[in-house]
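For reference, the structure discussed in these notes is given below.
Since the structure is predicted, the reported quantities are computational estimates derived from the model, not experimental observations.
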Amino acid sequence: MESDAGKDAGVISGTLRHVMRYTENIHDSVSKNFLRTVGRVDDYFGNRYYVKTRQKSAAVLTLDTYIKEGSLAFRPNINAKIDLPGTQDRFNVIVTHIQEETLDRMSAMERVRNSQDYFAQAFNRTGNSAGSDNNSTTFVGLRYARQLTKHLANHVDLGLNYNFLPRPWVLPKPYGSYNLDLTHDIKNFLIRQDNKLFWEMGSDAGYSGALVLTRQLAQNLLLESEFDGNRTFVKPNWTMLETVSLNWIASDRDIITPMFQATMNSTPAFIATMYTVAVNWRRRLHNDWLFFGAAPEIDYPRDHAFGPQYRLTLSLEVIFGFAG
């Protein structure tokens with residue numbers, strides 16, 4: 001006779017399979033509708049003589065939960081790249097949502113994610129203050145990208161920055177940037193330099209740059225160093241972030257990344273404002289569209305006499321559309 005424990009385990013297992021199957025059906029439906037809509041837009045605006053290629057548009061929804069000093073915060077983020085290959089050159093519609101937190105309040109992984117976009121769109125309005133009336137920015141615009149040479153590419157972003165929370169009645173601000181990206185591969189060593197000149201009406205203009213050095217130590221081990229810097233024209237202060245990380249592909253489903261970060265300012269003197277030690281674990285839960293992440297970290301901020309502050313970030317990432 002089957003025990004009650006065995007029956008309960010079977011019920012739980014069957015329920016989980018049904019929930020996963022239902023979730024996958026919803027995901028597939030949303031992805032197909034998303035790509036179908038993008039395809040219609042591309043057909044409408046594009047050159048009708050082009051040969052269709054595989055659609056590479058994608059929207060990434062990230063649900064982050066932060067646990068720090070006994071407090072709990074939940075913040076969703078969405079980023080989208082809508083590819084329009086039918087246009088005469090390469091156009092993309094870009095949607096980027098950035099939480100407007102100061103560098104000392106962001107998690108280590110947030111500082112790494114879209115670091116140039118964060119520097120260019122968020123830091124200039126919040127400064128180093130502990131709080132802000134605006135806590136998020138969404139950029140929606142059109143990107144025109146072109147490969148200039150084998151190692152040199154550029155793109156122009158034109159669109160609007162909109163602070164829809166907590167003041168949705170505030171008008172969006174026109175925003176533009178010119179980006180020049182250089183990549184060079186020397187055996188197992190990859191060098192990438194990204195340069196961004198940005199401008200926002202009514203705010204500021206400036207420069208944001210990144211220098212990324214990647215070295216393959218082994219087949220499943222990558223060492224990466226990323227230096228990010230930002231300076232605006234109105235406030236002559238360089239804000240810099242250095243990140244050194246070791247990306248270990250532990251399995252076909254898991255990536256474990258220990259990292260060290262240093263945040264610096266140049267005004268009133270060149271000083272370090274915070275050090276961070278963190279480990280990020282990212283696991284593929286299902287196919288290539290559902291991921292889970294856990295990132296414990298210890299911050300050592302200057303405004304707390306470099307005393308340790310502990311934080312844990314839990315993330316659920318869902319990719320709609322192209323997940324290659």
All heavy atoms of G307 vs all of P301, minimum pair found to be O-CD, 3.5 Å
Legend entry - Side-chain heavy-atom pair S208, F198 within 4.5 angstrom cut-off: yes
Exercise. Between W238 and Y207, what is the ring plane arrangement, given parallel below 30°, perpendicular above 60°, and tilted in between?
Worked result: perpendicular
| message | Does W199, at its CH2 atom, have more than 12 non-hydrogen atoms belonging to other residues, nucleotides or ligands within less than 6.0 Å? | response | yes
Check: Are W281 and L63 grouped together when hydrophobic residues (ILVMFWY) are joined by side-chain heavy atoms under 4.5 angstrom apart?
Finding: yes
- Looking only at side chains, do T239 and N230 share a donor and an acceptor under 3.5 Å apart? no
With side-chain contact (heavy atoms from CB on, under 4.5 Å) as the criterion, how do W248 and N220 come out once you've worked through the C-alpha distance, each side chain's angles and the decisive distance to 0.1 Å?
CA-CA 6 Å; W248 174 38; N220 61 343; 3.4 Å; yes
Side chains of L72 and T65: does their closest heavy-atom pair fall under 4.5 Å? yes
Only one of N179, T96, L142 passes side-chain contact (heavy atoms from CB on, under 4.5 Å) with D157, and that residue is N179
- prompt: Taking a hydrophobic cluster as the set of Ile, Leu, Val, Met, Phe, Trp and Tyr residues connected by side-chain heavy atoms closer than 4.5 Å, whether directly or through intermediates, do L285 and L314 fall within one such cluster?
  reply: yes
Self-check item: same_hphob_cluster(L316, I26) at 4.5 Å side-chain heavy-atom cutoff
Solution: yes
Does R311 use its side chain to pair, donor to acceptor, with the backbone of E297 at less than 3.5 Å? no
Heavy-atom side-chain proximity of R146 to H155 below 4.5 angstrom: no
Less than 4.5 Å apart, side chain to side chain, heavy atoms only: is that true for H286 and E24?
yes
Q) Are the side chains of V244 and L223 in touch, meaning some heavy atoms are under 4.5 Å apart? A) yes
Residues at least two apart in sequence or cross-chain that pass ring-ring contact (aromatic ring centres under 6.0 Å, His included) with F260, listed by chain then number, are none
Sorted by chain and number, sequence neighbours left out, salt bridge (Lys or Arg N to Asp or Glu O under 4.0 Å) with D254 holds for R283
4.5 Å side-chain heavy-atom contact, L160 and K173:
no
With a 4.0 Å cut-off on N to O distance, would you call R282 and E317 a salt bridge? yes
Should the heavy atoms of other residues, nucleotides or ligands under 6.0 Å from CZ of F227 be counted, would the total exceed 12?
yes
Members sharing V140's hydrophobic cluster, built from side-chain contacts under 4.5 Å between Ile, Leu, Val, Met, Phe, Trp and Tyr, are V95
query = Distance-only, no hydrogens or angles: does the H151 side chain make a donor-acceptor pair with backbone N or O of T183 under 3.5 Å?
reply = yes
Open item on the list: Count I, L, V, M, F, W, Y as connected when their side-chain heavy atoms are under 4.5 Å apart, and connections chain through other members. Are L152 and V156 then in the same cluster?
Closed with: yes
* Under the 3.5 angstrom rule, does the side chain of R284 hit a backbone N or O of N287 as a donor-acceptor pair? -> yes
NZ (K150) and NE2 (H184) are apart, to the nearest 0.5 Å, by 8.5 Å
Rounded to the nearest 0.5 Å, the CZ atom of F189 sits from the CD atom of Q216 at a distance of 12.5 Å
Stepwise, does the side-chain contact (heavy atoms from CB on, under 4.5 Å) test hold for Y310 with D299?
CA-CA 6 Å; Y310 303 94; D299 296 330; over 6 Å; no
>> I'd like to know if the side chain of N161 pairs up with that of T137 as donor and acceptor (distance under 3.5 Å, no hydrogens or angles considered).
In response: no
Output for pair (T263 OG1, L241 CG), nearest 0.5 Å, gives 5.0 Å
Requested in this report: For side chain to side chain donor-acceptor pair (under 3.5 Å), just list the numbers for T273 and N265, CA-CA rounded to whole Å, side-chain angles, deciding distance to a tenth of an Å, and then say yes or no.
Outcome: CA-CA 7 Å; T273 56; N265 277 331; 4.8 Å; no
**Pair H27 and F320, ring centroids less than 6.0 Å apart** = yes
Closest non-hydrogen contact found for Q147 with A153 is OE1-CB, 3.5 Å
query: Is there a side-chain contact (heavy atoms from CB on, under 4.5 Å) between E242 and M264 once you walk through the steps?
result: CA-CA 8 Å; E242 171 64 30; M264 298 154 282; 4.1 Å; yes
- [ ] For residues P308 and Y300, determine if any side-chain heavy atom of one lies less than 4.5 Å from a side-chain heavy atom of the other.
- [x] yes
Margin query: With a 3.5 Å distance limit and no angle check, can you tell me whether N195 reaches the backbone of L180 through a side-chain donor-acceptor pair?
Written below: yes
Under 4.5 Å between any side-chain heavy atoms of Q193 and D181, yes or no? no
Steps toward side chain to side chain donor-acceptor pair (under 3.5 Å) verdict (E226, T243):
CA-CA 5 Å; E226 177 173 344; T243 305; 5.9 Å; no
Closest non-hydrogen contact found for P172 with P174 is O-CD, 4.0 Å
Heavy-atom closest pair (M259 atom, S245 atom, distance to 0.1 Å) is CB-CB, 3.8 Å
**Prompt:** Any ion pair linking K196 and D194 (charged N to carboxylate O, less than 4.0 Å)?
**Reply:** no
Audit row: L61, I319, side-chain contact (heavy atoms from CB on, under 4.5 Å) steps and yes/no
CA-CA 6 Å; L61 174 64; I319 300 176; over 6 Å; no
Path from I255 to F291 over hydrophobic side-chain contacts below 4.5 Å: no
Between A250 and I256, the two heavy atoms sitting closest are CB-CD1, 4.2 Å
In terms of heavy-atom contacts, G176 and L158 come closest through CA-CD2, 4.0 Å
